[in-house]
Novice: 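Got a structure for you, questions after.
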4 protein chains.
Amino acid sequence: MTATTEGLTGLERRKAETRREIIEAAFTCFAEQGYHATGIADIAARIGIGHGTFYRYFENKRDIVEHVITDLIDRIVAALGAENAPDAVSTLEEYRAQTARIGTALAQIFSEDPRVASLLLSAAGIDDAMRERMLDLFATTTPLTAAYLEHGVRLGYLRADLDVEPTAQAINGMILGSVLAGMRDPAPAQQERLSAAIRAVMYDGIAAR
Amino acid sequence: MTATTEGLTGLERRKAETRREIIEAAFTCFAEQGYHATGIADIAARIGIGHGTFYRYFENKRDIVEHVITDLIDRIVAALGAENAPDAVSTLEEYRAQTARIGTALAQIFSEDPRVASLLLSAAGIDDAMRERMLDLFATTTPLTAAYLEHGVRLGYLRADLDVEPTAQAINGMILGSVLAGMRDPAPAQQERLSAAIRAVMYDGIAAR
Amino acid sequence: MTATTEGLTGLERRKAETRREIIEAAFTCFAEQGYHATGIADIAARIGIGHGTFYRYFENKRDIVEHVITDLIDRIVAALGAENAPDAVSTLEEYRAQTARIGTALAQIFSEDPRVASLLLSAAGIDDAMRERMLDLFATTTPLTAAYLEHGVRLGYLRADLDVEPTAQAINGMILGSVLAGMRDPAPAQQERLSAAIRAVMYDGIAAR
Amino acid sequence: MTATTEGLTGLERRKAETRREIIEAAFTCFAEQGYHATGIADIAARIGIGHGTFYRYFENKRDIVEHVITDLIDRIVAALGAENAPDAVSTLEEYRAQTARIGTALAQIFSEDPRVASLLLSAAGIDDAMRERMLDLFATTTPLTAAYLEHGVRLGYLRADLDVEPTAQAINGMILGSVLAGMRDPAPAQQERLSAAIRAVMYDGIAAR
DNA sequence: CATGAATGAGAATTCATTCAT
DNA sequence: AATGAATGAATTCTCATTCAT
């Protein structure tokens with residue numbers, strides 16, 4: 001019994017479960033058909049509830065997509081957080097390994113569930129607020145990456161003259177690009193080549209020595 | 001008198017002008033409110049024509065967005081094409097300069113017209129076909145960048161062991177990231193810092209030497 | 001409790017009732033104003049439902065007119081079928097009586113509900129498919145009448161040299177004509193005179209003996 | 001030079017010609033696609049004039065269909081009128097021959113131009129006024145046929161006890177039926193069989209003697 | 001006179017949301 | 001609490017008609 005269901009009556013547990021099912025169904029629908037092409041009825045039908053019931057769990061269509069996105073972001077952040085410990089790294093070698101692990105974790109998330117990329121890609125088209133939200137999401141990752149860089153600079157295994165924040169943005173851009181590339185060609189071999197190329201650029205640049 | 005209006009009667013010129021005005025208006029509407037929140041009536045009202053008139057110029061709502069996007073992409077490609085000559089570069093120095101110029105050109109496009117990024121960002125949410133189109137657009141840029149890298153490898157000023165294609169993708173990812181970053185913080189100073197960071201990563205990597 | 005409502009819940013009964021009300025209302029509207037001049041809103045307003053509700057019962061405007069027409073034809077065929085038993089007739093006298101009964105039944109249908117003729121008359125103008133349908137309807141009646149004639153020829157109370165099928169068509173033509181005549185002058189006396197004249201022509205011809 | 005064009009200037013003649021072309025084109029369009037599915041633009045395009053020009057010749061869409069129908073009816077009446085001379089007939093034999101000639105003339109009109117039946121059939125669906133007009137048309141033919149019958153009764157070659165008017169209606173009904181039948185099966189052989197059957201019914205009835 | 005660009009009234013249809021059962 | 005019947009705001013698109021060129 002997890003923390004969230006602890007102390008709940010059977011009914012409350014059941015409600016929480018339905019709530020989760022709705023989020024799941026909505027996730028799938030939004031990813032497959034897009035937000036606007038998805039009707040509340042589609043979501044409800046997918047899990048076999050009446051579409052009126054939907055409104056007992058969520059305020060409206062906007063509310064559900066908000067939850068779906070939030071949920072998704074939480075999952076991604078959690079997955080990254082598991083690998084996320086800038087302080088645990090103290091040499092370039094360890095950093096490289098850490099980078100590889102993060103790359104793998106991300107690849108996992110996106111390739112094991114194609115809905116993830118689909119949804120994120122189309123989310124910006126939902127409305128102004130959601131577009132802002134997506135930009136925020138991308139922006140949020142900057143300090144995360146920046147923390148690693150900062151740590152590396154402090155410990156001396158990264159260039160002393162790194163302009164940390166924009167460099168973090170650049171790196172995250174590469175990751176974003178790899179996500180998009182993965183949508184068109186999800187072959188693991190390609191993913192791996194791209195991942196390796198990103199690390200090569202990161203550590204050594206492209207210039208001949 | 002430009003090539004496109006040469007030999008046209010006054011009426012034909014007027015029609016072409018209206019057509020352009022509609023595309024412009026639609027561009028603005030889509031960028032500001034998003035595709036789905038924009039009605040044909042909004043577009044027509046913006047330039048003071050009846051909404052029936054719209055349908056004399058474009059088949060339907062889908063048709064206009066197609067034209068808006070195509071137009072936009074053409075403009076971007078044209079802007080990049082002006083700087084696009086891999087063969088004209090023969091040393092790393094020249095290449096760095098070339099990269100800087102391309103970065104500047106891109107920055108120009110995106111910062112001088114905030115609608116550009118807005119529209120591109122939300123375009124993927126219009127429908128499946130458009131999402132595909134956006135992914136294609138990103139994919140199209142890969143061989144462009146790859147051509148530069150290829151040339152550099154051949155001439156020896158870029159690493160001999162570059163895995164050209166995925167490296168090109170990685171670089172384009174950084175550019176994409178800088179576009180997104182520019183949407184949140186369009187300050188030229190930030191843009192410039194990011195642009196510099198990208199070039200730094202590209203050429204020298206982040207590792208201390 | 002009729003067979004069609006047996007075993008239905010109150011709600012199902014209510015739905016079936018609404019469905020019927022819509023068909024009725026559409027029937028009236030189409031007959032009064034014609035198919036093209038009738039809007040879905042007119043039909044809905046006539047029975048005091050929202051026009052969106054209409055679409056819960058019928059696919060679209062074409063769907064409802066299809067049902068209205070089918071319904072109408074079914075009613076006519078049922079009314080005729082009640083009198084329809086070629087084999088039950090074995091003398092000319094009986095045949096004359098039978099003919100009179102059928103004529104009366106038809107007159108009943110058309111005169112008790114003026115919408116019937118109105119709708120049938122204008123139905124051919126709805127679209128190509130419906131025109132075909134109306135021609136089919138008329139064609140369908142030929143074998144029906146032909147069966148009577150055939151039977152009479154076999155039993156010897158009708159001319160041995162009758163060209164059965166076209167003769168049946170001719171007779172049905174007279175019936176059709178009487179329907180049209182009834183639309184302009186629905187007076188029962190006129191109807192009766194016409195009916196008698198038809199029978200006179202049928203049995204004795206117009207030539208002096 | 002016919003009476004209608006006599007004394008006209010070249011311009012007036014040209015206008016009259018265009019007017020006629022428009023009626024012809026409208027006739028074809030209405031017959032092929034039906035009144036409602038036909039746009040003014042379709043009519044204009046068919047004869048290669050601008051659709052604005054249409055309005056220099058006819059008030060509006062309703063106006064043109066009125067003219068098309070009137071024109072058509074005039075043509076039919078004219079064709080029938082050529083054979084129409086009740087007084088010229090003085091024996092049953094002559095009457096039979098006359099009937100046959102009229103039948104042939106009608107068959108000619110309807111089979112040589114399939115648009116005729118198409119248009120008449122769908123005309124009733126145009127609007128209330130036109131439906132009335134079609135009913136009027138059918139009613140108009142009654143006195144025409146009745147005149148023949150009257151004449152025949154007076155001269156003694158038709159039954160003395162004929163109820164002339166409704167009998168005329170009955171006969172016209174058969175003719176109407178044959179027109180409809182001809183739409184589904186325009187084969188001349190079928191037409192001829194039907195025509196013969198109508199005459200057989202008319203003169204001798206269907207009863208065995 | 002001919003033209004076709006512009007117009008907007010009007011119609012069909014969809015779907016998020018409400019609420020009685 | 002669950003349901004789905006009802007609703008109407010909103011949107012797309014058509015086409016007869018007008019009128020400036």
Side-chain angles (χ1 to χ4, degrees), chain A residues 11-12 14-15 18 35-45 48-64, chain B residues 9-12 14-15 17-19 36-45 47-64, chain C residues 9-12 14-15 17-19 35-45 47-64, chain D residues 11 14-15 18 35-45 48-64:
Chain A
L11 195 88
E12 279 167 327
R14 175 77 198 125
K15 285 209 74 171
T18 300
Y35 175 75
H36 287 103
T38 297
I40 297 299
D42 296 329
I43 299 170
I49 63 171
H51 66 275
T53 309
F54 170 90
Y55 288 91
R56 302 208 152 271
Y57 292 87
F58 296 92
E59 283 293 310
N60 51 38
K61 195 177 175 183
R62 192 54 219 285
D63 188 27
I64 181 67
Chain B
T9 71
L11 201 104
E12 279 166 328
R14 188 65 222 285
K15 284 209 79 174
E17 199 183 316
T18 300
R19 205 183 148 79
H36 287 103
T38 297
I40 297 300
D42 298 327
I43 298 171
I47 55 175
I49 62 172
H51 66 278
T53 307
F54 170 90
Y55 288 94
R56 293 187 57 74
Y57 291 86
F58 296 93
E59 284 290 312
N60 49 40
K61 196 177 172 182
R62 192 56 217 281
D63 189 26
I64 182 67
Chain C
T9 71
L11 202 104
E12 280 166 328
R14 188 66 222 285
K15 284 208 79 174
E17 198 183 316
T18 300
R19 205 183 147 80
Y35 176 75
H36 287 103
T38 297
I40 297 300
D42 297 327
I43 298 171
I47 54 175
I49 63 172
H51 66 278
T53 307
F54 170 90
Y55 288 93
R56 293 187 58 73
Y57 291 86
F58 296 93
E59 285 290 311
N60 50 40
K61 196 177 172 184
R62 193 56 218 283
D63 190 26
I64 182 67
Chain D
L11 194 89
R14 175 76 197 126
K15 285 210 75 172
T18 300
Y35 176 74
H36 287 102
T38 297
I40 296 299
D42 296 329
I43 298 171
I49 63 171
H51 66 275
T53 309
F54 169 91
Y55 288 91
R56 302 209 152 270
Y57 293 85
F58 295 93
E59 282 293 310
N60 51 38
K61 195 178 174 183
R62 192 56 219 287
D63 189 27
I64 181 69

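Residue numbering restarts at 1 for every chain, and letters A, B, ... go by the order of the sequence lines.
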Novice: Between F:dT12 atom C1' and B:E59 atom CD, what is the distance in whole Å?
Specialist: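 Those two atoms, CD and C1', are 13 Å apart.
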Novice: Between F:dG8 atom P and C:I49 atom CD1, what is the distance in whole Å?
Specialist: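 Value for this atom pair: 11 Å.
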Novice: From CZ of B:F54 over to C1' of F:dT14, roughly how many Å is that when rounded to an integer?
Specialist: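 My rounded result for the distance is 14 Å.
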Novice: At their closest point, which heavy atom of A:K61 faces which heavy atom of A:H36, and how far apart are they?
Specialist: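 Reported closest heavy-atom pair: NZ-O, 3.8 Å.
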Novice: Rounded at 0.5 Å granularity, tell me how far CD1 in B:I47 sits from OG1 in B:T53.
Specialist: 8.5 Å
Novice: Pick base, sugar-phosphate or nothing for C:T38, based on heavy-atom distances below 4.0 Å to the nucleic acid.
Specialist: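 C:T38: backbone/sugar contact only, no base atoms under 4.0 Å.
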Novice: What do the steps show when you test D:I40 against D:Y55 for side-chain contact (heavy atoms from CB on, under 4.5 Å), and what is the final call?
Specialist: CA-CA 9 Å; D:I40 296 299; D:Y55 288 91; 3.6 Å; yes
Novice: Check the distance between F:dA2's P and A:I43's CD1 and give it to me in whole angstrom.
Specialist: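 Atom CD1 in A:I43 sits about 17 Å away from atom P in F:dA2.
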Novice: Which part of the nucleic acid, if any, lies within contact of B:G39, taking any heavy atom under 4.0 Å across all strands shown: a base, the sugar-phosphate backbone alone, or nothing?
Specialist: sugar-phosphate
Novice: With the side chain of A:Y57 defined as its heavy atoms from C-beta on, choose the nearest nucleotide among F:dA2, F:dT7, F:dC13.
Specialist: F:dA2
Novice: Over all heavy atoms of both residues, which pair between D:K15 and D:R56 is shortest? Give the atoms and the distance, please.
Specialist: NZ-O, 4.2 Å
Novice: If I take atom CG in residue B:D63 and atom C1' in nucleotide F:dT12, what distance separates them, rounded to the nearest angstrom?
Specialist: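 Answer to the nearest Å: 14 Å.
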Novice: Determine the minimum heavy-atom distance between D:H51 and D:A41, stating which atoms define it.
Specialist: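 Where D:H51 meets D:A41 most closely, the heavy atoms are CB-CA, 4.0 Å.
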Novice: When the distance from CZ of B:F58 to P of F:dT12 is rounded to whole Å, what number comes out?
Specialist: 15 Å
Novice: What are the 5'-most and 3'-most nucleotides of DNA chain E lying under 4.0 Å from any heavy atom of chain B?
Specialist: E:dG4 to E:dG10
Novice: Can you measure C:N60 atom CG to F:dT12 atom P for me and round it to whole angstrom units?
Specialist: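 One finds 20 Å between P of F:dT12 and CG of C:N60, rounded.
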Novice: Consider the side chain of C:R56, meaning its heavy atoms from C-beta on, and name the nucleotide among F:dA2, F:dT7, F:dT12 that approaches it most closely.
Specialist: F:dT7
Novice: At 10 degrees resolution, what angle do the end axes of the helix from E:dA2-F:dT21 to E:dT21-F:dA2 form when each is taken over five base pairs?
Specialist: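 Taking five pairs per end, the axes differ by 0°.
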Novice: Just how far, in rounded Å, is P of F:dT12 from NZ of B:K61?
Specialist: 4 Å
Novice: Report the residue (C:G50 or B:H51) whose heavy-atom-nearest nucleotide on DNA chain F is the more 5′ of the two.
Specialist: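 The answer here is C:G50.
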Novice: Using every non-hydrogen atom in the two residues, find where B:Y57 and B:R19 come nearest and quote the distance to one decimal.
Specialist: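 For B:Y57 and B:R19, the tightest heavy-atom pair comes out as O-NH1, 3.1 Å.
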Novice: Both B:T53 and C:I40 contact DNA chain E. Which one's nearest nucleotide lies toward the 5' end?
Specialist: B:T53
Novice: For B:H36 and A:G52, take the nucleotide of DNA chain F holding the closest heavy atom to each; which residue's nucleotide lies nearer the 5' end?
Specialist: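 Its nearest nucleotide lies further toward 5', so the answer is A:G52.
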